Amino acid sequence: MTPQENYHDWLRDAHAMEKQAESMLSAMSKRIDNYPDLRARIEQHLTETQGQITLLEEVLDRNGINRSIMKDATSKMSAMGQAAGGMFASDEIVKGAISSYVFEQFEIACYTSLISAAKKVGDVASVATFEQILAQEEAMADWARKHLPDVTEQFLLRDAADGVEAKK
């Protein structure tokens with residue numbers, strides 16, 4: 001493949017990744033009952049993610065790249081599987097918070113790579129878009145890392161109390 005073909009493929013991957021993130025964040029926010037700070041931040045990032053999808057679609061359109069329906073569908077099915085799997089875990093909220101942090105790190109790596117690829121193939125117009133998205137992903141990852149101990153501690157307190165739901 002040429003650098004341009006790889007870049008285009010990675011753009012389709014990023015679009016599918018954000019569609020997966022949208023599905024995961026939406027499902028997660030609907031299931032959080034007892035952790036209002038986490039729910040609020042997830043909902044904020046869901047809004048950011050929806051904006052990121054729009055930005056990526058503008059980059060795809062500007063470059064004449066068709067979206068990959070198969071990649072988008074596969075990523076959404078993966079997100080639904082993750083959400084369904086978490087529903088059966090007694091520590092769903094902690095596992096979800098950890099998974100969210102890990103997914104943010106993956107997104108950070110993808111956008112770091114896309115910035116380099118965009119520069120290499122001369123798509124200078126998209127670099128600022130990827131930098132904007134990267135900053136949002138870094139902010140979410142930083143928030144998740146800083147708040148993971150609090151979510152864990154809240155879960156442990158709730159789980160140890162009789163008659164208190166802790167998992168979500």
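Just so you know, these numbers use all the heavy atoms, side chains as well, and skip hydrogens, waters and symmetry mates. Source: prediction; values computed, not measured.
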Would a 4.5 Å heavy-atom cut-off, applied to side chains only, mark [X] and [Y] as touching?
X: Phe130; Y: Leu11; result: yes
X: Ile42; Y: Met140; result: yes
X: Gln132; Y: Leu55; result: yes
X: Arg39; Y: Tyr35; result: no
X: Glu58; Y: Thr129; result: no
X: Arg41; Y: His147; result: no
X: Tyr101; Y: Leu148; result: no
X: Leu56; Y: Ile133; result: yes

Judged by atom type as modelled, is there a donor-acceptor pair below 3.5 Å linking the side chain of [X] to the main-chain atoms of [Y]?
X: Thr47; Y: Glu43; result: yes
X: Ser100; Y: Gly96; result: no
X: Asn63; Y: Val59; result: yes
X: Ser113; Y: Ala109; result: no
X: Thr2; Y: Glu5; result: yes
X: Ser26; Y: Glu22; result: no

For the residue pair [X] and [Y], what are the closest heavy atoms and their distance?
X: Thr112; Y: Ile108; answer: OG1-O, 2.8 Å
X: Ala141; Y: Glu104; answer: CB-CB, 3.7 Å
X: Met28; Y: Ala97; answer: CE-N, 3.7 Å
X: Leu114; Y: Ala14; answer: CD1-CB, 3.7 Å
X: Ser126; Y: Tyr7; answer: CB-OH, 3.7 Å

Practice task
Could you name each residue pair satisfying salt bridge (charged side-chain N to carboxylate O under 4.0 Å, His left out) that touches residues 134-143, not counting sequence neighbours?
Solution key: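 Qualifying pairs, neighbours excluded: Asp142-Arg145, Asp142-Lys146.
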Just how far is it from atom [atom1] of [X] to atom [atom2] of [Y], taken to the nearest 0.5 Å?
X: Ile53; Y: Lys19; atom1: CD1; atom2: NZ; value: 5.0 Å
X: Asp13; Y: Asp9; atom1: CG; atom2: CG; value: 5.0 Å
X: His15; Y: Asn66; atom1: NE2; atom2: CG; value: 11.5 Å
X: Ile115; Y: Cys110; atom1: CD1; atom2: SG; value: 11.5 Å
X: Glu131; Y: Gln136; atom1: CD; atom2: CD; value: 12.5 Å
X: Glu48; Y: Gln44; atom1: CD; atom2: CD; value: 5.0 Å

Practice task
May I ask whether Ile32 and Leu156 are part of the same hydrophobic cluster, defined by side-chain heavy atoms of I, L, V, M, F, W, Y residues being less than 4.5 angstrom apart, directly or through others?
Solution key: yes
Exercise for the section: Please say which of Asp91, Ile93, Val94, Leu157 ends up in a side-chain contact (heavy atoms from CB on, under 4.5 Å) with Thr152. Expected result: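 Between Thr152 and the candidates, side-chain contact (heavy atoms from CB on, under 4.5 Å) is satisfied uniquely by Val94.
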Problem - Intermediate values then yes/no, side-chain contact (heavy atoms from CB on, under 4.5 Å), Trp143 and His45 - result: CA-CA 11 Å; Trp143 189 94; His45 195 56; over 6 Å; no
Exercise for the section: Check ring-ring contact (aromatic ring centres under 6.0 Å, His included) between His8 and all other residues, then give those that pass, not counting sequence neighbours. Expected result: none
Practice task
Check the pair Gln50, Thr54 against side-chain contact (heavy atoms from CB on, under 4.5 Å), reporting the backbone distance first and the verdict last.
Solution key: CA-CA 7 Å; Gln50 291 163 338; Thr54 300; 6.0 Å; no
